[in-house]
Protein chains: 2
Amino acid sequence: MQLVFKRNSLVFYNYLIKMKKKCLSDSHCPIARAYDAIGDWWSLLILSTILLAGARRFGEIQQTLGMARNILSSRLSKLVKNGILIKVPASDGTNYFEYAATEMGEDLLPALVALRQWGERYFFDSNQCRSALVSREKGELIRPVTVCSKAGRELRVSDLKVIERDS
Amino acid sequence: MQLVFKRNSLVFYNYLIKMKKKCLSDSHCPIARAYDAIGDWWSLLILSTILLAGARRFGEIQQTLGMARNILSSRLSKLVKNGILIKVPASDGTNYFEYAATEMGEDLLPALVALRQWGERYFFDSNQCRSALVSREKGELIRPVTVCSKAGRELRVSDLKVIERDS
DNA sequence: TCGCTATAGTTTCATTTTGAAACTAGTTTA
DNA sequence: TAAACTAGTTTCAAAATGAAACTATAGCGA
């Protein structure tokens, strides 16, 4: 059954509102759903600061990113609410708290590293001063993150397609 | 030499402005620089729509994402200006244009796929209806994107560290 | 060729979000 | 105990967003 509404009617308006909301959070596209949880770019930068730069305390994160304290506050709350971060007692023994990534948060590592490598490739001269991500064990640079088939062959955009599945 | 400014002085204010700008775009952190180019989440969703969903025309992208036309317009301009997209004559022979990813844009594929896989893992029930990314050749699901050492060992957050290099 | 529709935007304006600064409340340190 | 530090919240102005109306060009059918 197809719904038909007179434009400008309240019913039509509310229908559009509803559809717009569905559009992202109820989308079948996983990237669109991820959008709702990460919310915005600050969230990804915050997570990166915690996971890669090792900042854990409110003030540390705020100074590292140079962002407004109220925005940081609201983003941290959202990230905790969504299960990406968790607020734990400070590791220095004081009565303060710090923020740590949950397993769900740590699982964003490949996305963060892929983004980082893309930034390295396009926004730095080859010999320009930059921070580098290295393995803790050997201190060596890591391999570029790639998309691979089950068999291990590297896949490019033209090798991929999206299908709609009705499970 | 350490700079000391009286708070509220204009010099102090301008200094902060300058430092804030430097903080992201001139940062040594590649994720922060990538931030300036992608700009915001819409940009990433637009790129994903073009790369993975195969939408190329303005109206197609707008309908797929359900976003405001003026915002889409400004994002597309920015993406073109930053070399991530390119505006080319429409492939259907009409006098319209369409948007295609440049090599720089296509190189964001690993980041997009990693994000997508994260969304799949945490926002869908195992048997819930969803779109799926498959290899065009065999139609099979692709391997999870991971971070690996030079030797090919999978690395977790605790295996990594960021160092500041003075090249 | 005329008129209608489609496409790809731009403009306008109300609403929402952001961010800087001031403020607050609890914690630590001297 | 007082001063300084930490982690916020509140307030308010500025900027970004988004919906709707508007514009200009392209395509299409008669």
Side-chain angles (χ1 to χ4, degrees), chain A residues 7-10 12-21 23-24 35 39-43 45-46 49-50 55-81 85 87-100, chain B residues 5-10 12-21 23-24 35-36 38-43 45-46 49-50 55-81 85 87-100:
Chain A
R7 271 188 82 96
N8 295 326
S9 79
L10 190 59
F12 179 74
Y13 180 73
N14 287 337
Y15 172 73
L16 288 183
I17 295 289
K18 196 172 146 197
M19 291 319 291
K20 187 187 167 189
K21 288 238 175 83
C23 192
L24 286 184
Y35 169 84
D40 65 336
W41 255 105
W42 276 131
S43 302
L45 285 175
I46 290 166
T49 304
I50 292 173
R56 298 173 68 92
R57 297 275 286 260
F58 183 93
E60 247 182 319
I61 300 168
Q62 193 268 322
Q63 281 183 21
T64 304
L65 292 174
M67 69 185 294
R69 310 162 74 72
N70 50 346
I71 306 300
L72 175 56
S73 178
S74 76
R75 290 299 174 278
L76 286 172
S77 305
K78 189 177 175 189
L79 287 166
V80 167
K81 197 189 75 187
L85 296 182
K87 199 171 177 176
V88 296
S91 52
D92 61 0
T94 61
N95 272 344
Y96 295 113
F97 287 88
E98 58 189 30
Y99 295 89
Chain B
F5 296 119
K6 223 165 53 186
R7 272 186 81 98
N8 295 325
S9 80
L10 191 58
F12 180 74
Y13 180 73
N14 287 337
Y15 173 73
L16 288 184
I17 294 289
K18 196 172 145 198
M19 292 318 291
K20 188 188 167 187
K21 288 239 175 82
C23 190
L24 285 184
Y35 170 83
D36 277 352
I38 303 288
D40 65 336
W41 255 105
W42 276 131
S43 301
L45 285 176
I46 290 166
T49 304
I50 292 174
R56 299 173 68 91
R57 296 276 286 261
F58 183 93
E60 247 182 320
I61 300 168
Q62 193 268 321
Q63 281 184 21
T64 303
L65 292 173
M67 68 186 294
R69 310 162 75 72
N70 51 346
I71 306 301
L72 175 57
S73 179
S74 77
R75 291 299 174 277
L76 287 172
S77 305
K78 189 178 176 190
L79 287 166
V80 167
K81 197 188 75 187
L85 295 183
K87 199 172 176 176
V88 297
S91 53
D92 62 0
T94 62
N95 273 343
Y96 294 113
F97 287 88
E98 57 189 31
Y99 295 88

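Since we're looking at a predicted model, the values are computed, not measured. Each chain gets a letter, A, B and so on, in the order its sequence line appears, and its residues count up from 1.
Going from atom CD1 of Ile61(A) over to atom P of dT6(D) covers 14 Å, rounded to whole Å. Distance CG (Leu85(A)) to P (dA7(D)): 15 Å, rounded to an integer number of Å. Taking atom CG of Asp40(A) as the reference point, atom P of dT16(C) lies 18 Å away to the nearest angstrom. Rounded to an integer number of Å, the gap from CD of Gln62(A) to P of dA21(C) is 12 Å. Distance CD1 (Ile46(A)) to P (dA7(D)): 14 Å, rounded to an integer number of Å. For the pair Ile71(A) CD1 and dA7(D) P, the computed distance is 18 Å after rounding to whole Å. Atom CH2 of Trp41(A) and atom C1' of dA16(D) are 18 Å apart (whole Å).
Partners of Asp92(A) by side chain to side chain contact (heavy atoms under 4.5 Å, CB included), not counting sequence neighbours, listed by chain and number: Arg57(A), Ala90(A), Thr94(A). Residues meeting the side chain to side chain contact (heavy atoms under 4.5 Å, CB included) test with Ser91(B), sequence neighbours left out: Glu98(B).
Separating the CD atom in Gln63(A) from the OG1 atom in Thr49(A) is a distance of 12.5 Å, to the nearest 0.5 Å. The distance from atom CG of Asp40(A) to atom CD1 of Ile71(A), rounded to the nearest 0.5 Å, is 9.0 Å. Note that the CZ atom of Phe58(A) and the CZ atom of Phe97(A) stand 14.5 Å from one another [nearest 0.5 Å].
Here Trp42(B) does not reach the OP1 or OP2 of dA16(D): none of its side-chain N or O atoms lies under 4.0 Å away. Between Asn95(A) and dG26(C) there is no side-chain N or O to OP1 or OP2 distance below 4.0 Å.
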Practice task
Could you give me the CA-CA distance, side-chain angles and deciding distance for Lys87(B) and Leu76(B), then say whether side-chain contact (heavy atoms from CB on, under 4.5 Å) is met?
Solution key: CA-CA 9 Å; Lys87(B) 199 172 176 176; Leu76(B) 287 172; over 6 Å; no
Exercise for the section: Given side-chain contact (heavy atoms from CB on, under 4.5 Å), test Leu65(A) with Leu72(A) step by step and report yes or no. Expected result: CA-CA 9 Å; Leu65(A) 292 174; Leu72(A) 175 56; 5.6 Å; no
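No side-chain heavy atom of Leu45(B) sits under 4.5 Å from any side-chain heavy atom of Met67(B).
Of the candidates dT17(D), dA20(C), dG27(D), dA20(C) carries the atom nearest the Ala68(A) side chain, counting heavy atoms from C-beta on.
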Practice task
Map every base of DNA chain D to its dot-bracket character, where paired means a Watson-Crick or G-U wobble contact with both distances under 3.5 Å and | marks a partner outside the strand.
Solution key: ||||||||||||||||||||||||||||||
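Minimum heavy-atom separation, Arg75(A) to Ile46(A): CB-CD1, 3.5 Å.
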Completion exercise
In B/S/- notation (B base, S sugar-phosphate only, - none; protein heavy atoms under 4.0 Å), nucleotides 5-12 of chain C written 5' to 3' is -BSBBBBB
